[in-house]
Amino acid sequence: VSDYANGGTEAKPIETAIQADGHHRQVVTIGDVGATLELLLGALASLPLAVDPSTGRLRVVLDATGGAQTLGTITTVATVTTLANMAQVGGVAANSAVLDQMTAAWAGALRGRIT
Amino acid sequence: MTTLAFKDVIDSPLWRPTSPAPAAKAAAGCCINDARNGNVETPFPFSFFLDSATALYAYLPHNDEWLTLGSPALAGTFGAGAAVCFDPSQGPRGTIAAGATTTTITLTTALPAAVGVNQLANMGNGLGFQVRVVDNVAGGSGKTEIKRVIANTAGTTPTLTLDSALSFTPGTGAAYEFRSGRLFMLSSGTLASGAFKFYDVLTNSFSASLAITNLPASLATDSTLLPLSESFVPSTANVGEGFLGLIASGAASTTTTVTGSALPAGLAANEYRNFQVRIVTDTANPTATGQRRRIVSHTAGASAVFTVGTAWTVSPSATAVFVVENDDDKILLFTAATTVYNYNISANTWDTTTWAAAGTAAGAGLSAFQSFGVTVDAQRNARHSFVHRFRGAASNTLDVFDLAGSATGAWTAAAAYGGQATTFTTGQHWAYDPVTAGGRYAYAQINGTQRFARYDALNRVLEPWCYLRYPQGTALVGNTLHLAYAIDGTTKLGFLFCVVESGANQFACALQR
């Protein structure tokens, strides 16, 4: 409902009536209200967050459309089922841990056989 | 002296990481190393990695690091079909100026590019390049010796100081041959002038465009360049002494023959047809020394007579010493087509008539190598003249091309071998080790995966090699396996290197058994 007298948003006047307080008010149907609410709910549904009704926790979609994301501190990661790729740890190439192990394995197992 | 004490089963082979390549392997990126066995001639210590038409790198295992060598600026569209080979006996050659001593020589024939002072006294491993001096002038000694450069002046005609004295004083006009090697590079796509060049190791320079006439109009599938270097010898032989050692003439030569003595009694007739005779020493006819001639036929046995295709310029004397080697002037190109392309180095020409065509075309995963490192078996079933071509094209087929099988060689299609089942296609890479384990094995990365195998060229058996526990990227054409050797006297340990597919990481595995 738009309130012209109090500076409300202008809308296309469909029908107005003078009320007892002397103000003109737009007359709308209940069906219009329902349509507007559906639009609002639709907009909310497209937002990347929702409340899990069972836990009350807010679920957030971090990256539904791709692209880099930056997170702050993560205190605990309980389980990572698959880590598709990890480039660096503390600025060092993440695969260096694997490569260093391979170097150590060769040095420990085979280098001593060459004297 | 280094001692190797690897125990079978207990000390199984294991890959270890090395310095990654400067750039990720691109399609057709390919590596190669010097395959000399280190006896007499020291192999060039770097391996090469051609990763594009404009990117050439060198890897030094001594220091585990790479070096950029600049752009060869190859024409064509670099991709499937591109190939490299390292020919260790190629390098600047020419004549020596007057005034040589037993320890210093000055070049008359200019090098292809100027060198800096003492640049020739360090190949990268602290050792100088080696130069062969052939005293083949009238009144000369008729000898051939090899020395290492320990100092040089700058320019294109430097004065060289040698590491020890020659047993003769080279005459004016005596020949020099640097044993530094050249990297031949072939691009792909629609071939155009500039698609084939070499990198000259000695002078760190690229050649002008080499001939491409008689090559296919385009290359779009795996290719293999195979040099027939005279420096390729059996694992137990000395470089410079060929496949049969130094051979004393057993009789006077004619204009087209030379006769051997004390050769293996089992030497088969024409076993080394299409190889070369090179006169190493001829004190009686010094101007005969250094001549190379292609063998068109030879008889069998200890006193075989070798007939050459082109008459001697100067017939060797009855006391000449000669060797039988690969025909040093040839590089073969195997492609997906049946044709075997032949490059004549000194003439800078390609032809398709020197060698017989294969019966069946090859495809992606194609590779070919010459089993020059083996020791010939009692039945002479495994010969130095055999080129083993794995056909690729998603097949497990081995074709054997006998360079000496006829005037143009002879193919044996679909030769049987043990362990035959694995098929070879894109990403299949091979590296032949002629130096260790009796020169028997060619190592294979199976279709760009983490799995490896090796093929015993002496006994024709494929056996598994060491699994690499590091993932590969997308399989690519282009052979990025290469080898290096730790050599300490008679102890030699090979290392197989693998630049991973579609990546830069490189791994090495000791060839310990």
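To find a chain, count down the sequence lines: A is the first, B the second, and so on, and within it residues start at 1. Hydrogens, waters and symmetry mates play no part in the numbers below; they use all other heavy atoms, side chains included.
To the nearest 0.5 Å, atom CZ of residue F507(B) and atom CG of residue L99(A) are 5.0 Å apart.
For a heavy-atom cut-off of 4.5 Å, chain B lies close to M102(A), T103(A), A105(A), W106(A), A109(A), L110(A), R113(A), I114(A), T115(A) in residues 101-115 of chain A.
For the set D11(B), L4(B), L493(B), the count of heavy-atom pairs under 4.5 angstrom toward chain A peaks at D11(B). Taking chain B as the reference chain and counting heavy-atom pairs below 4.5 Å, the highest number among N95(A), V98(A), D100(A) is found for N95(A).
Sequence neighbours left out, the pairs with a member in residues 27-50 of chain B that pass side chain to side chain donor-acceptor pair (under 3.5 Å) are D34(B)-R36(B), R36(B)-E41(B), N39(B)-K492(B), E41(B)-R179(B), E41(B)-S231(B), T42(B)-R148(B), S47(B)-H482(B).
For T491(B), no part sits under 4.5 Å from any heavy atom of chain A, backbone or side chain. There is no contact between D488(B) and chain A, counting heavy-atom distances below 4.5 Å.
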